[in-house]
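So that the names make sense, note that chain A is the first sequence line, chain B the second, and so on, each numbered from 1. Because only heavy atoms are used, hydrogens play no part in the values below, and waters and symmetry mates are left out as well, while side chains stay in.
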Amino acid sequence: MPRAGTAPSRRTCLARWPWVLLLLAGGAAAQEDSLPSLTGTPGDAVRGRAIVTTRQRGLCLLCHSGPFPEERFQGDLAPGLAGAGSRLSEGQLRLRLVDGRRLNPQTIMPSYYRSEGLHQVGPAWQGRTILTAEEIEDVVAFLLTLRD
Amino acid sequence: MRRAALALLLAPLIALAAAAQPQSGFELMAPETQAMQRDDTANPGMLWVQEGEALWQQSGCAGCHGDAAASMRGAAARYPVYDEARAGPIDLAGRINQCRVERQGAPALALEGEPLLALGSFVAHQSRGLPVAPPADPRLAPARAQGEALFRERRGQLNLSCAQCHDDNAGRRLAGSPIPQGHPNGYPLYRLEWQGMGSLQRRLRNCMAGVRSEPFAYGAPEYIAIETFLMSRAAGLLLETPAVRP
């Protein structure tokens with residue numbers, strides 16, 4: 001590595017190109033957009049719907065809206081959930097629930113299955129994920145039923 | 001023709017100025033709640049102001065400060081101010097207690113207790129209608145910077161910062177409620193959800209608990225730092241104490 005501030009010679013620059021290309025390709029392959037099942041058992045879409053629409057469980061409707069006519073108070077900080085199951089695959093939905101920060105570090109959507117990397121968590125919630133693995137699978141199963 | 005061209009030229013500037021202007025949470029409230037705040041006979045917070053006026057007379061504040069309408073006018077628009085004894089900012093509630101303990105030899109009033117809320121509301125009410133005017137005292141700069149850092153820091157199990165709601169998403173709806181810009185210009189205020197009066201610190205604790213983070217203890221220097229920052233962010237907004245909020 002040339003030290004910062006010293007311009008590498010043209011030769012070394014060219015000589016490094018193949019490596020840069022390899023790194024880029026490797027980076028793209030490692031960039032995951034999907035996660036396998038957390039439990040190995042399919043989730044229950046009915047339970048998933050209840051989690052999504054219950055304010056204190058899923059908290060989803062704080063930010064999202066969706067095809068839930070009985071829910072009067074829905075948020076508008078995030079894309080609507082209608083059609084989520086046609087836009088995204090099962091694995092893609094799971095990754096967005098488990099830890100959306102892997103795709104967008106700035107996202108306001110909480111990581112529902114991650115308990116590290118947090119700050120000043122209240123004692124009642126410390127070391128716990130927002131949803132359990134089973135609940136994540138239930139929500140994924142439900143979101144897959146939301147088709148345009 | 002010239003006028004139209006001028007208007008075209010100025011329009012973006014005016015829009016910019018409007019965007020930079022802080023907006024009170026009052027503007028986002030339902031018309032009934034706004035009416036309740038505007039009408040002193042309907043505003044429940046006025047009961048605390050009246051109670052505070054009685055305490056002002058009874059507990060000897062008037063002995064030093066005389067007529068609050070003159071001596072306390074503008075105080076709430078400036079606070080927190082720098083306090084030599086604390087070598088840092090002091091908020092209004094802290095000053096009221098400092099007067100009691102050091103000048104009157106009386107016990108401090110409990111933070112968030114009714115007597116302190118009443119006195120605080122009465123004192124802040126003397127500045128109703130005045131613009132928030134934080135002092136340009138450089139000794140407040142460290143607290144202001146600490147407050148801003150706390151405002152931007154993500155916290156709690158939901159991993160959200162104050163700024164993500166109150167800067168980035170203000171005006172949007174969190175479930176049913178519009179997110180205000182989060183200004184401190186109405187406190188102490190009557191909140192319908194509390195069915196009572198509360199301080200800015202109570203509000204901040206609500207927001208912190210809402211993201212499942214551990215709130216600081218009442219009176220913690222962190223709150224006073226956040227308040228110092230929020231007041232500079234709200235400069236120019238008119239004080240509303242006692243405000244009403246949903």
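Remark: the B:D83 side chain and the B:Q98 side chain contain an N/O donor-acceptor pair separated by less than 3.5 Å.
In this structure, A:R57 does not pair ionically with A:D138, as no charged nitrogen and carboxylate oxygen lie closer than 4.0 Å. Between B:R233 and B:E227 there is no salt bridge, since none of the side-chain N atoms of the basic residue sits less than 4.0 Å from a carboxylate O of the acidic one.
Cation-pi geometry between B:R191 and B:W194 is met: the NZ or CZ atom falls under 6.0 Å from the ring centre, inside 45° of the normal. By the 6.0 Å and 45° rule, B:R95 does not stack over the aromatic ring of B:Y79.
Note that CD of A:Q74 and CG of A:L77 are 12.5 Å apart. Values are rounded to the nearest 0.5 Å. Atom-to-atom distance recorded for B:D91:CG and B:L200:CG is 9.0 Å, nearest 0.5 angstrom. Rounding to the nearest 0.5 Å places OG of B:S121 at 9.0 Å from CD of B:E114.
Looking at A:Q120, the atoms closer than 4.5 Å to chain B (heavy atoms on both sides) sit in the backbone and in the side chain alike. Neither the backbone nor the side chain of A:R114 comes within contact range of chain B; no heavy atoms are under 4.5 Å apart. In this structure, chain A has a heavy atom under 4.5 Å from the side chain of B:L160, while its backbone stays farther away. With a 4.5 angstrom heavy-atom cutoff, A:S111 does not touch chain B via any of its atoms. Neither the backbone nor the side chain of A:R72 comes within contact range of chain B; no heavy atom of the residue lies under 4.5 Å from a heavy atom of that chain. Only the backbone of A:L61 comes within less than 4.5 Å of a heavy atom of chain B; no side-chain atom from C-beta onward does.
Between B:F216 and B:Y223, the ring-plane angle classifies as perpendicular under the 30° and 60° cut-offs.
The interface of residues 132-156 of chain B with chain A, defined by heavy-atom distances below 4.5 Å, comprises B:E153, B:R154, B:R155, B:G156.
Listed options B:P215, B:G176, B:A175, B:S177 were ranked by heavy-atom pairs under 4.5 angstrom with chain A; first place goes to B:A175.
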